[in-house]
There are 2 protein chains.
Amino acid sequence: MALSHAILVCLTERPMSGYDLAKFFDTSIGFFWRATHPQIYREMKKLGEKGYVTSSEEIQSGKPNRIVYSISQAGRRALKEWSREPVGPPLIKDDLLVRLQAIEHVDRDALRQQICGRLKVHKEQLEQYFHIRDVRFSDGEPGPEDLGKLMGLELGIQYEQGWITWCESVLKRLG
Amino acid sequence: MALSHAILVCLTERPMSGYDLAKFFDTSIGFFWRATHPQIYREMKKLGEKGYVTSSEEIQSGKPNRIVYSISQAGRRALKEWSREPVGPPLIKDDLLVRLQAIEHVDRDALRQQICGRLKVHKEQLEQYFHIRDVRFSDGEPGPEDLGKLMGLELGIQYEQGWITWCESVLKRLG
DNA sequence: GGCAACATGTAACTTGTTACATGATTCC
DNA sequence: GGAATCATGTAACAAGTTACATGTTGCC
């Protein structure tokens with residue numbers, strides 16, 4: 001139910017192919033919602049049937065042709081209606097935290113390594129967010145179109161910084 | 001694959017019935033992993049077949065009988081093996097952040113209300129975490145058994161505080 | 001020659017959600 | 001009388017994952 005809307009949100013930015021969308025869900029919007037390519041291709045079919053997206057084949061030479069989807073007026077209306085529905089609670093699933101709950105029953109060395117790995121991931125993600133901020137939002141006030149994206153980015157930065165602090169403190173205490 | 005291990009983690013704390021587990025996934029461990037009761041009853045069957053849990057019926061007068069599950073030695077071994085496998089990235093899915101990405105295409109008033117609602121949820125969660133910390137971890141250094149839980153709690157506190165700060169700043173900017 | 005990126009899809013399977021189904025007790 | 005809590009489960013459906021399947025171009 002929500003994947004379809006997340007896709008429509010992506011398409012408000014620009015028309016995209018299934019492949020583009022898959023990459024988008026791996027980077028940009030991937031911080032808030034995940035999707036794999038089989039899911040996306042399956043969902044695009046449904047969105048087309050409902051008339052929320054229109055598609056057109058883009059002929060490329062050399063590379064395989066792309067099927068590019070655009071959001072329709074009906075799609076925009078559906079998006080606005082959805083935005084009035086109450087939001088669900090944020091869903092978090094984290095292996096690492098689950099393991100931490102049973103600290104006496106897991107492999108300590110493995111856990112330490114896993115936390116190190118996680119620390120690295122969060123540091124890299126933070127760097128990437130800083131880079132996006134500098135490139136995209138460096139010049140003063142963002143336009144109203146970009147305000148939401150900037151605020152999302154700020155949450156992401158804060159989130160990663162929190163994790164980094166936490167990982168470092170945990171690694172100290174685990175010895 | 002991971003739900004079964006999350007259940008085993010719960011059972012290292014104490015033996016529980018399906019009903020207990022469902023409540024546990026709604027509160028305590030629910031911050032890191034979610035599960036509904038049909039999922040739990042279905043999974044318990046599999047865990048029993050694999051010999052990772054043993055069950056016994058507890059006769060109650062008045063209330064319906066409880067089927068209480070305990071983790072077996074094989075279950076503990078499976079848990080330890082699992083703990084050596086690499087952790088996946090944390091999975092986040094958040095409706096609200098998705099909507100924020102398309103801020104120009106959603107209902108502003110609804111969004112403002114949804115953020116207010118979210119702020120309230122995070123404040124309540126934070127209060128609950130403080131309460132747990134005070135009740136369970138007030139007296140100095142925690143035992144090694146509880147260290148992981150305390151660290152998880154600290155992450156939760158930090159996480160909720162971050163959200164509260166962010167919501168307040170966003171509400172100001174949305175006017 | 002092999003690997004990565006581009007590009008689209010299907011099939012089989014596992015997870016997760018929602019609604020249905022039952023039935024006792026306690027509190028208002 | 002009605003709602004909430006305790007307690008277990010099933011059925012039908014929706015969502016998500018993994019592996020398979022194909023074929024090109026460009027780089028090392």
Side-chain angles (χ1 to χ4, degrees), chain A residues 1-8 15-27 29-30 32-50 53 55-69 82 85-86 88-95 98, chain B residues 1-7 15-27 29-30 32-50 53 55-69 82 85-95 98:
Chain A
M1 203 97 290
L3 172 60
S4 57
H5 295 106
I7 290 174
L8 292 178
M16 289 190 217
S17 68
Y19 188 82
D20 292 336
L21 281 164
K23 300 206 92 181
F24 211 63
F25 276 100
D26 256 6
T27 53
I29 204 172
F32 316 119
W33 207 272
R34 296 280 170 83
T36 54
H37 83 267
Q39 252 180 301
I40 289 165
Y41 287 115
R42 188 208 272 153
E43 200 66 39
M44 293 324 290
K45 218 167 78 181
K46 286 188 205 165
L47 286 172
E49 281 163 12
K50 281 186 188 162
V53 297
S55 60
S56 66
E57 198 163 359
E58 198 178 85
I59 283 95
Q60 301 194 124
S61 54
K63 293 176 212 170
N65 294 345
R66 288 154 49 83
I67 297 166
V68 179
Y69 297 94
W82 168 70
E85 280 170 32
L91 179 64
I92 297 179
K93 286 198 171 183
D94 192 332
D95 256 31
V98 172
Chain B
M1 205 100 282
L3 172 59
S4 56
H5 295 106
I7 290 173
M16 288 191 220
S17 67
Y19 188 83
D20 292 337
L21 282 163
K23 300 206 90 182
F24 211 64
F25 275 100
D26 256 5
T27 54
I29 205 172
F32 316 118
W33 207 271
R34 296 280 170 83
T36 54
H37 83 268
Q39 252 180 301
I40 289 165
Y41 287 116
R42 188 209 269 152
E43 200 66 41
M44 292 325 290
K45 216 165 81 181
K46 287 189 204 163
L47 286 172
E49 281 162 15
K50 281 185 188 162
V53 297
S55 59
S56 67
E57 197 164 0
E58 198 178 86
I59 283 94
Q60 302 194 125
S61 55
K63 293 177 211 170
N65 294 345
R66 290 154 47 84
I67 297 166
V68 179
Y69 296 94
W82 168 70
E85 281 170 32
V87 283
L91 179 65
I92 297 180
K93 287 199 167 179
D94 192 333
D95 256 30
V98 172

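Below, read A as the first sequence line, B as the second, and so on, with proteins coming before strands; counting in each chain starts at 1.
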Query - Sequence-distant partners of B:R66, salt bridge (Lys or Arg N to Asp or Glu O under 4.0 Å), two or more places apart - result: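 Only B:D20, B:E58 meet the salt bridge (Lys or Arg N to Asp or Glu O under 4.0 Å) criterion with B:R66.
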Output the distance between atom [atom1] ([X]) and atom [atom2] ([Y]), rounded to the nearest 0.5 Å.
X	Y	atom1	atom2	result
A:I67	A:M44	CD1	CE	10.0 Å
A:Q39	A:F25	CD	CZ	8.5 Å
A:R42	A:S4	CZ	OG	12.5 Å

Could you tell me the separation between the [atom1] atom of [X] and the [atom2] atom of [N], rounded to a whole number of Å?
X	N	atom1	atom2	answer
B:F25	C:dT15	CZ	C1'	13 Å
B:N65	C:dG23	CG	P	15 Å
A:Y19	C:dA4	OH	P	13 Å
A:L21	C:dA7	CG	P	13 Å
B:M16	D:dT8	CE	P	13 Å
A:R42	C:dA11	CZ	P	12 Å
B:R66	D:dC6	CZ	C1'	9 Å
A:H5	D:dA14	NE2	P	15 Å

Query - Nearest heavy-atom neighbours spanning B:G18 and B:I40 - result: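 Smallest heavy-atom distance, with atoms named: O-CG2, 4.0 Å.
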Apply side-chain contact (heavy atoms from CB on, under 4.5 Å) to [X] and list each qualifying residue two or more places apart in sequence or on a separate chain.
X	result
A:A2	A:W33, B:D95
B:P38	B:T36
A:F24	A:C10, A:E13, A:R14, A:M16, A:S28, A:I29

Query - Non-hydrogen side-chain atoms of B:Y19 and B:Y41 separated by less than 4.5 Å - result: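 Yes, their side chains come closer than 4.5 Å.
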Query - Those residues of residues 32-41 of chain A lying under 4.0 Å from DNA chain C by at least one heavy atom - result: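 Close to the strand are A:H37, A:P38, A:Y41.
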Report task. Take B:A2 and A:S17, find for each the nucleotide of DNA chain C with the closest heavy atom, and name the residue whose nucleotide sits nearer the 5' end. Result ->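 Closest to the 5' end, via its nearest nucleotide, is A:S17.
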Query raised in the report: At under 4.0 Å between heavy atoms, what does A:K45 touch on the DNA or RNA strands: base, sugar-phosphate, or nothing?
Result: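 Nothing, no heavy atom under 4.0 Å.
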Query raised in the report: Does C:dG16 have OP1 or OP2 sitting under 4.0 Å from an N or O in the side chain of A:K93?
Result: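 For C:dG16, OP1 or OP2 has a side-chain N or O of A:K93 closer than 4.0 Å.
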Query raised in the report: So does A:K23 get a side-chain nitrogen or oxygen closer than 4.0 Å to the phosphate oxygens (OP1/OP2) of C:dC6?
Result: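 For C:dC6, OP1/OP2 do have a side-chain N/O of A:K23 under 4.0 Å.
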Requested in this report: State, to the nearest 10°, the angle formed by the axis through the first five base pairs of the helix from C:dG1-D:dC28 to C:dC28-D:dG1 and the axis through its last five.
Outcome: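 The two end axes of the helix from C:dG1-D:dC28 to C:dC28-D:dG1 meet at 30°.
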